[in-house]
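Note that the structure is predicted; figures quoted are calculated from it, not measured.
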Amino acid sequence: MKLWSIQGNSQKLDGGSMFGNAPRAMWTKWATPDDLNRIPLATRGLLATPLNGRTVLFETGIGAFFEPKLRERFGVQEDRHVLLDSLHAAGFDHTDIDVVVLSHLHFDHAGGLLAPWSDARGPELLFPNATFVVGRAHWERATRPHARDRASFIPELPGLLEASGRLQFLDGAQCEALGDAVRFHRSDGHTPGMMLAEILGPDVQGGVHHGGVVFCADLVPGLPWVHVPITMGYDRYPELIIDEKQAFLADMAARGVRLFLTHDPDVALAQVVRDAHGRFAAGHTAASLAARTLDEGHSA
């Protein structure tokens, strides 16, 4: 199996919103804001093949589905569908994808499912040969959102996914499409029912998988959020996400599972380590992945 990081459209969002209650004097050490107080963010997918005999894409980034005014409002930097270009650069087309795994359905993670905006037609679903895997609990949130996060969802997307006939709900730690190759971890702090996919490593000790890679979605969107107390203003339940992140990072560190980061502008992959004070930090980082094996460069 080989892994690729697949770059999607980039964004610039308000730094204060991205770092929650962290003071500006702290977060500007990690990210340099522009004159509108926005920081750069990636929306990066992970491609794995063959995984359980299939070509699998974990998330699709924000894409180019926004009409121009909304694209400007949400800081999307490119008007083309960058993820499709990145797939082509890696030697793939969206029609080659057998499974698309969606940690959750916020537009910056699922917008890439849609064709680029056109004033001549409504939203159109890409990936015509893919099964779409979504957590059932999160689907309930996405189809009946709270006023607090309604704007985070694409209203037309659930209907398009249902109409495809290729929607598969995830109820536990594994899904039919990926079998024993992937284990899912549930997180409710950012949004109810978010599912983090761990591609299980080949090293099994006492029945427990070590190594591997986990798609961190918005539990750990980038390197600064490895610091456990740092949360986003977009998180629904900040205290819960801190507790979830503490347990998650302890597990990943103990088993040597590397973190795949979707929003970090500079780093795609990192190892969880502890600093001299026992706090979580990131090491052994990689800016991108290109046909990388699961155990390449692994340092437990």
Side-chain angles (χ1 to χ4, degrees), residues 11 13-23 26-27 30-31 39 41-44 46 58-59 61-62 101-111 133-154 169-173 175 182-198 213-255 257-264 270 272 274 279-282:
Q11 272 189 289
L13 288 180
D14 181 78
S17 296
M18 287 301 299
F19 288 104
N21 64 350
M26 176 182 288
W27 63 254
W30 301 321
I39 63 170
L41 297 165
T43 66
R44 180 185 293 112
L46 173 64
F58 296 88
E59 297 206 349
I62 196 169
V101 178
L102 299 156
S103 70
H104 61 302
L105 293 175
H106 287 172
F107 60 70
D108 56 327
H109 295 256
V133 176
V134 182
R136 190 183 301 275
H138 181 69
W139 179 264
E140 294 174 0
R141 177 72 166 202
T143 52
R144 290 183 289 276
H146 189 274
R148 176 69 170 76
D149 62 354
R150 183 174 293 117
S152 297
F153 295 102
I154 304 168
F169 290 118
L170 174 65
D171 291 301
C175 70
V182 174
R183 174 190 173 196
F184 289 89
H185 306 262
R186 177 167 170 168
S187 171
D188 295 306
H190 176 67
T191 184
M194 185 170 70
M195 302 301 290
L196 313 180
E198 177 188 346
V213 172
V214 63
F215 194 101
C216 293
D218 281 336
L219 180 66
V220 186
L223 287 185
W225 293 269
V226 171
H227 300 288
V228 172
I230 303 301
T231 64
M232 295 187 288
Y234 302 110
D235 295 330
R236 300 287 72 82
Y237 309 105
E239 291 185 5
L240 175 59
I241 204 170
I242 287 172
D243 293 342
E244 290 177 337
K245 186 161 51 168
Q246 177 72 38
F248 177 82
L249 291 176
D251 180 27
M252 299 304 117
R255 296 190 293 114
V257 179
R258 286 157 293 175
L259 311 180
F260 188 87
L261 307 173
T262 185
H263 287 314
D264 196 289
V272 185
R274 291 185 184 266
R279 296 172 299 204
F280 293 116

Closest contact, heavy atoms only, R183 versus D251: NH1-OD2, 4.3 Å
In short, C216 meets L196 closest at the heavy-atom pair O-CD2, 3.6 Å
Rounded to the nearest 0.5 Å, how far apart are CG of L249 and CZ of R279? 14.0 Å
Measure across A137 and G193 and return the closest heavy-atom pair with its distance rounded to 0.1 Å. CB-CA, 4.2 Å
With sequence neighbours excluded, what pairs up with D264 under the side chain to side chain donor-acceptor pair (under 3.5 Å) test? none
Taking all non-hydrogen atoms of both residues into account, name the closest pair between M18 and W225 and its distance. O-NE1, 3.1 Å
Just how far is it from atom CG of D171 to atom CZ of R136, taken to the nearest 0.5 Å? 4.0 Å
Of all residues at least two apart in sequence or in a different chain, which pass the ring-ring contact (aromatic ring centres under 6.0 Å, His included) check with F58? none
Any residue meeting side chain to side chain donor-acceptor pair (under 3.5 Å) with R141, in chain and number order, not counting sequence neighbours: D149
Would H227 and W30 count as a ring pair (Phe, Tyr, Trp, His ring centres under 6.0 Å) here? Give the steps. CA-CA 11 Å; H227 300 288; W30 301 321; 5.1 Å; yes
Residue pairs, two or more places apart or on separate chains, that pass salt bridge (Lys or Arg N to Asp or Glu O under 4.0 Å) and touch residues 223-246: none
Taking every non-hydrogen atom, the tightest pair across I39 and G15: CG2-CA, 4.0 Å
Hey, can you tell me if H138 and F153 have their rings parallel, tilted or perpendicular (30° and 60° cut-offs)? tilted
Separation of I230 CD1 from L223 CG (nearest 0.5 Å): 13.0 Å
Going from CZ on R186 to CZ on F248, what distance comes out if it is rounded to the nearest 0.5 angstrom? 15.5 Å
Side chain to side chain donor-acceptor pair (under 3.5 Å) partners for T43, two or more places apart: none
Nearest non-hydrogen partners of L261 and V220, listed with the distance: CD2-O, 3.4 Å
I'd like to know if the side chain of H109 and the backbone of G61 have a donor-acceptor N/O pair within less than 3.5 Å. no
Contact check, side chains of L46 and R44, non-hydrogen atoms, under 4.5 Å: no
Between V101 and F215, is any pair of side-chain heavy atoms under 4.5 Å apart? no
Side-chain contact test, heavy atoms from C-beta onward, threshold under 4.5 Å: evaluate it for T262 versus D108 and give yes or no. no
Would you call L219 and H185 a side-chain contact if the rule is heavy atoms closer than 4.5 Å? no
Minimum side-chain heavy-atom gap D218-T191 below 4.5 Å: no
Do R255 and E198 make a side-chain contact, defined as non-hydrogen atoms from C-beta onward lying under 4.5 Å apart? yes
For W27, the ring-ring contact (aromatic ring centres under 6.0 Å, His included) test, sequence neighbours excluded, returns F19
Could you state the interatomic distance from OG (S187) to CE (M194), rounded to the nearest 0.5 Å? 4.0 Å
Quick one: do V214 and L259 satisfy side-chain contact (heavy atoms from CB on, under 4.5 Å)? Show the steps, please. CA-CA 5 Å; V214 63; L259 311 180; 3.8 Å; yes
